[in-house]
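Shown next, in structure tokens, is the structure this report addresses.
Labels below follow one simple rule: chain letters A, B, ... track the order of the sequence lines, proteins then strands, and each chain is numbered from 1.
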Number of protein chains: 2
Amino acid sequence: MPRPRRPLLTRDRIVETALALIDADGLGALSTRRLAAALGVQGPSLYNHFATKDEILDAVADTVTGAVDTSGFASRDWLAALRDWAWSYRRALTAHPNIVPYLAQGPGRRPAALAMADAVYGGLVRAGWPPARATHIGAALRYFVAGSALGSFARGFVEDPELYAAHYPHLRQAHRLAEHQQSVDEGAFALGLDALLHGLAAEYTRTVETVESARPNG
Amino acid sequence: MPRPRRPLLTRDRIVETALALIDADGLGALSTRRLAAALGVQGPSLYNHFATKDEILDAVADTVTGAVDTSGFASRDWLAALRDWAWSYRRALTAHPNIVPYLAQGPGRRPAALAMADAVYGGLVRAGWPPARATHIGAALRYFVAGSALGSFARGFVEDPELYAAHYPHLRQAHRLAEHQQSVDEGAFALGLDALLHGLAAEYTRTVETVESARPNG
DNA sequence: GAATGAAAACTTACACCGCTAGTTTATGAG
DNA sequence: CTCATAAACTAGCGGTGTAAGTTTTCATTC
């Protein structure tokens with residue numbers, strides 16, 4: 001088949017299909033040949049639209065990141081904005097858990113990831129956090145969200161009662177975790193996020209508000 | 001070469017060499033043939049000692065997890081034990097960052113990972129946390145530690161000033177993050193961990209101590 | 001001490017992988 | 001109308017995990 005009258009592929013169609021395959025079969029199951037086959041095309045044709053497979057994955061990762069809502073930093077106080085962002089971030093990642101290991105490596109040059117970092121950092125600095133602290137807070141929350149989406153804690157335990165009974169006295173119920181996967185993971189996230197934000201709020205009154213009130217025009 | 005008089009390979013030697021290769025060149029650069037070559041042997045010989053490559057990676061991951069110290073749960077109060085554990089956990093992972101994406105998927109059937117989960121969960125329950133809460137706390141801290149070790153936040157930003165200057169007003173200094181990688185990552189971890197533990201301590205007095213004092217013999 | 005079976009290396013080979021090179025034809029710009 | 005570019009193709013390279021079968025040695029059993 002030579003060049004067709006209407007292009008068979010577009011970047012969007014490739015990214016969309018890649019994400020669907022990753023969601024369905026995992027990151028490891030995405031090969032250029034399988035992706036191409038799902039698009040009704042031969043493997044190397046993809047390289048007319050992307051230079052490398054990593055570029056495809058970058059695009060997939062960025063559409064996932066693009067679903068994260070950072071608008072709170074423009075309208076709400078920093079604490080509420082952080083909470084909204086963290087939940088939205090988590091929702092975006094858990095909707096496509098298989099891409100998280102790739103995405104969690106860092107923003108790289110992906111526009112949506114950089115825009116997110118920009119919004120968070122900017123929002124925190126605007127709220128009065130010293131720049132270094134704003135960096136740390138953004139990083140800490142990213143750690144927590146990425147870690148929570150990366151391989152469900154609950155699903156990480158095998159569904160095999162005998163494995164635990166013998167050697168791990170406190171894990172007798174661990175095999176049941178898989179059943180309640182979603183609620184365990186969400187409960188852990190909710191608890192951890194609340195604790196984190198609680199701690200940050202305390203830190204805020206301790207450092208930022210203290211410093212401001214000490215200034216002549218604070 | 002037929003069967004040699006003294007075996008050329010042992011599981012330990014394979015795991016050790018695999019970890020060294022992963023540390024040096026990354027997880028993606030570990031192939032059975034390269035690993036075998038580093039051991040002075042042909043690729044398929046590895047399969048006399050491990051059934052699959054994943055089994056090798058499991059063993060590597062478990063030696064890394066084995067370096068985590070959970071002894072605090074036997075000797076200190078739960079809050080100090082959590083802090084010690086989290087730092088030890090982080091040190092173990094950041095010593096071998098390239099294996100973290102594999103390891104972070106969950107404990108699976110790896111003995112060291114399961115022993116760690118057992119110690120943490122047991123310690124928290126012994127301290128008075130309700131079982132469900134203990135699960136959540138262990139998970140939340142694992143999220144945070146794994147996220148922090150999985151692809152350095154700082155290194156995730158490209159060292160290219162022009163990339164940021166144009167479109168991301170608040171990230172003008174982001175390209176400098178790579179320089180201070182270690183201190184940024186550690187600072188973010190320290191801040192986040194302190195905040196998390198601060199929040200958990202508050203939650204403890206709110207729920208556990210309240211409940212206990214309400215009991216007749218509390 | 002001979003026989004035997006498992007162990008541990010080997011070679012060969014398969015199906016798949018990412019990607020390059022070169023070919024063919026349709027499209028759109030001048 | 002010309003022609004560079006775009007977008008599909010086929011063929012193929014070097015690499016991957018691993019299965020199959022071979023050879024020799026070791027450890028055990030009669």
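Proximity of residues 41-55 of chain A to DNA chain D (heavy atom under 4.0 angstrom from any strand atom) is restricted to V41(A), Q42(A), P44(A), S45(A), N48(A), H49(A). For the contact set between residues 15-23 of chain A and DNA chain D, defined by any heavy atom under 4.0 Å, there are no members.
Atoms CZ (R34(B)) and C1' (dG17(D)) sit 15 Å apart, rounded to a whole Å. Taking atom CG of L35(A) as the reference point, atom P of dA8(D) lies 13 Å away to the nearest angstrom. Per the geometry, CD1 belonging to I14(B) stands 12 Å off C1' belonging to dA9(C), to the nearest Å. The separation between R13(B) atom CZ and dA8(C) atom C1' is 13 Å, rounded to whole Å. Regarding D25(A), its CG atom lies at a distance of 12 Å from the P atom of dC17(C), rounded to whole Å. For the pair L8(A) CG and dT25(C) P, the computed distance is 16 Å after rounding to whole Å.
Using a 4.5 Å cut-off on side-chain heavy atoms (C-beta onward), L191(B) and R133(A) make contact.
Nearest heavy atoms, Y102(A) versus D54(A): OH-O, 3.2 Å. A pairwise comparison of heavy atoms in F73(B) and G123(B) identifies CD2-CA, 4.0 Å as the closest pair. Between A115(A) and Y168(B), the shortest heavy-atom distance links the atoms N-CE2, 3.5 Å.
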Under 3.5 Å, which donor-acceptor pairs do the side chains of residues 26-41 of chain B form with other protein atoms, sequence neighbours left out?
| residue | atom | partner | partner atom | Å |
| --- | --- | --- | --- | --- |
| S31(B) | OG | R34(B) | N | 3.1 |
| R34(B) | NE | A29(B) | O | 2.8 |
| R34(B) | NH2 | D25(B) | OD2 | 2.9 |

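Between W87(A) and F189(A), the ring planes lie perpendicular to each other; the angle is over 60°, past the 30° to 60° tilted range.
Residue contacts for I56(A): at a heavy-atom cut-off of 4.0 Å it reaches no nucleic acid atom on any strand shown. L30(B) comes within 4.0 angstrom of the backbone, heavy atoms only, and of no base.
Between S31(A) and the phosphate of dC17(C), there is a side-chain N or O to OP1/OP2 separation shorter than 4.0 Å. Between T32(B) and dG17(D) there is a side-chain polar atom (N or O) within less than 4.0 angstrom of OP1 or OP2.
For S148(B) and R90(B), the side-chain atoms include at least one donor-acceptor pair closer than 3.5 Å. Between the side chains of S71(B) and D69(B), a donor-acceptor pair is found at a separation under 3.5 Å.
In terms of polar N and O atoms assigned as donor or acceptor, the side chain of R33(B) never comes within less than 3.5 Å of the base of dG15(D) in a complementary pairing.
In this structure, the separation between NE2 on H49(B) and CZ on R13(B) is 9.5 Å, given to the nearest 0.5 Å.
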